[in-house]
A.B. asks: 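Would you mind keeping the following structure in view while I ask a few things?
Throughout, protein chains are lettered first and strands after them, A, B, ... in sequence-line order, and every chain is numbered starting at 1.
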There are 2 protein chains.
Amino acid sequence: MENITEMLKGVLEGCVLEIISRGETYGYEITQQLRKLGFTDVVEGTVYTITMRLEKKNLVNIEKKPSTMGPPRKFYTLNEAGQEQLKIFWEKWEFISSKMNELKKMKPKGEAI
Amino acid sequence: MENITEMLKGVLEGCVLEIISRGETYGYEITQQLRKLGFTDVVEGTVYTITMRLEKKNLVNIEKKPSTMGPPRKFYTLNEAGQEQLKIFWEKWEFISSKMNELKKMKPKGEAI
DNA sequence: CTTGTTACATCATTAGTCTATGTAAACCTT
DNA sequence: AAGGTTTACATAGACTAATGATGTAACAAG
């Protein structure tokens, strides 16, 4: 799917929270997961800015560990605030999602339902 | 619902396209429709920038008509390009929507499906 | 004639993603 | 050991979209 960038705004961060909530993971792996999910154009830089934001907002715990396959990794896990934020994210998503479905199903002005 | 601004990016324009597709309408009325739908914090300025964008992208036809209740209104209708754009919008929405549901239902790393 | 509603318009700010690029660690091949 | 590939984190600058604040103007009601 091309050019979904704008529609991903405000959504990607939630996706990253969700992915981290599954168990400790690091930036590069998160990027792979997002691509595997279907968001094929997401790049490392984008995920990096998101994880930085999560750090700054104190939603994650961080642990640096060496890797056998390259440079050391920064592993993230959700803390309690992060889990709360994830919950809020899904509530927002459900809200918008339901409204969009409502709009899509709505009939033109004059017509009866 | 508070603070869904970021999540509305790339979505609102599609909503406006959809609303216009129901029949000719104008900026102020579109704002009311969006608020009625549930996006209560959408302001006129936002809708204005969207309709301006639609004009610039040549997705709408415009007709100025006097109003009995205030200043003249700029009525919009979708042209063919606009309808095509609307179709593409819903395809994008369906794509992201399905991926998000997939993500939400996904089990943690180790678990079987 | 002042106030309220309708309605379009503009500017500056904020936020999020992307492009492009850099740096460096570990591995494999020659 | 020199060079290439993959892994992995990091940063700067550009672009787009929504918002807040504000302005302008038409019309109705009192």
A.B. asks: Give the minimum heavy-atom separation between B:Ile4 and B:Met1, together with the two atoms involved.
C.D. replies: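 Looking at all heavy atoms of both residues, the closest pair is CG2-CG, 3.2 Å.
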
A.B. asks: Please find the pair of heavy atoms, one from B:Asn79 and one from B:Leu59, that lie closest to each other, and give the distance.
C.D. replies: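 Minimum heavy-atom contact is OD1-O, 3.0 Å.
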
A.B. asks: What are the two closest heavy atoms between B:Ser67 and B:Pro71, and how far apart are they?
C.D. replies: CB-O, 3.5 Å

A.B. asks: Does anything in residues 67-79 of chain A pair up under salt bridge (Lys or Arg N to Asp or Glu O under 4.0 Å), and if so which pairs, sequence neighbours excluded?
C.D. replies: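 Sorted pair list: A:Glu55-A:Lys74.
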
A.B. asks: Taking only residues at least two apart or on different chains, which pairs with a member in residues 60-71 of chain A satisfy salt bridge (Lys or Arg N to Asp or Glu O under 4.0 Å)?
C.D. replies: A:Glu24-A:Lys65

A.B. asks: Please tabulate the protein-to-nucleotide N/O contacts below 3.5 Å involving nucleotides 14-20 of chain C, giving atom names and distances.
C.D. replies:
from	atom 1	to	atom 2	distance (Å)
C:dA15	O4'	B:Glu6	OE2	3.4
C:dA15	N3	B:Lys9	NZ	3.3
C:dG16	O3'	A:Gly10	N	3.4
C:dG16	N2	A:Lys9	NZ	3.0
C:dG16	N3	A:Lys9	NZ	3.4
C:dT17	OP1	A:Leu8	O	3.2
C:dT17	OP2	A:Arg53	NH2	2.9
C:dC18	OP2	A:Thr46	OG1	2.9

A.B. asks: Using C1' atoms of five pairs at each end, report the bend of the helix from C:dC1-D:dG30 to C:dT30-D:dA1 rounded to 10 degrees.
C.D. replies: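 Answer rounded to 10°: the end axes differ by 0°.
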
A.B. asks: Please name all residues satisfying side chain to side chain donor-acceptor pair (under 3.5 Å) with A:Arg35, sequence neighbours left out, ordered by chain then number.
C.D. replies: none

A.B. asks: Could you list, one pair per line, each protein nitrogen or oxygen that sits under 3.5 Å from a nitrogen or oxygen of nucleotides 21-26 of chain C, together with the distance?
C.D. replies:
from	atom 1	to	atom 2	distance (Å)
C:dA26	O3'	A:Thr68	O	2.6

A.B. asks: Name all residues meeting the side-chain contact (heavy atoms from CB on, under 4.5 Å) criterion together with B:Glu102; count only those two or more places apart in sequence or in a different chain, and write none if there are none.
C.D. replies: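 In terms of side-chain contact (heavy atoms from CB on, under 4.5 Å), with neighbours along the sequence ignored, B:Glu102 is linked to A:Leu37, B:Lys99.
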
A.B. asks: Work out which heavy atom in A:Tyr76 is nearest to a heavy atom in A:Gly27; give both atom names and the distance.
C.D. replies: CE1-N, 4.3 Å

A.B. asks: Counting just side-chain N and O atoms, does B:Tyr48 come under 4.0 Å of either OP1 or OP2 of C:dA9?
C.D. replies: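 Yes, B:Tyr48 has a side-chain N/O under 4.0 Å of OP1/OP2 on C:dA9.
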
A.B. asks: If you look only at distance, which donor and acceptor atoms sit under 3.5 Å apart when one is on a side chain in residues 43-52 of chain B and the other is two or more places apart or in another chain?
C.D. replies:
from	atom 1	to	atom 2	distance (Å)
B:Thr49	OG1	B:Thr46	O	2.6
B:Thr51	OG1	B:Val47	O	3.2
B:Thr51	OG1	B:Tyr48	O	2.9

A.B. asks: Which atom pairs, one a donor and one an acceptor, fall under 3.5 Å between side chains of residues 82-96 of chain B and the rest of the protein, sequence neighbours left out?
C.D. replies:
from	atom 1	to	atom 2	distance (Å)
B:Trp90	NE1	B:Glu18	OE1	2.8
B:Lys92	NZ	A:Asn3	O	2.9
B:Glu94	OE2	A:Lys104	NZ	2.8

A.B. asks: With A:Thr40, which residues qualify under side-chain contact (heavy atoms from CB on, under 4.5 Å), at least two apart?
C.D. replies: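 Counting only residues at least two positions away or on another chain, A:Thr40 forms no side-chain contact (heavy atoms from CB on, under 4.5 Å).
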
A.B. asks: Considering only heavy atoms of chain B and a distance under 4.0 Å, specify the first and last nucleotide of DNA chain D in 5' to 3' order that meet this criterion.
C.D. replies: D:dA17 to D:dA28

A.B. asks: Test: ring pair (Phe, Tyr, Trp, His ring centres under 6.0 Å). Region: residues 10-32 of chain B. Which pairs qualify, not counting sequence neighbours?
C.D. replies: B:Tyr26-B:Phe75

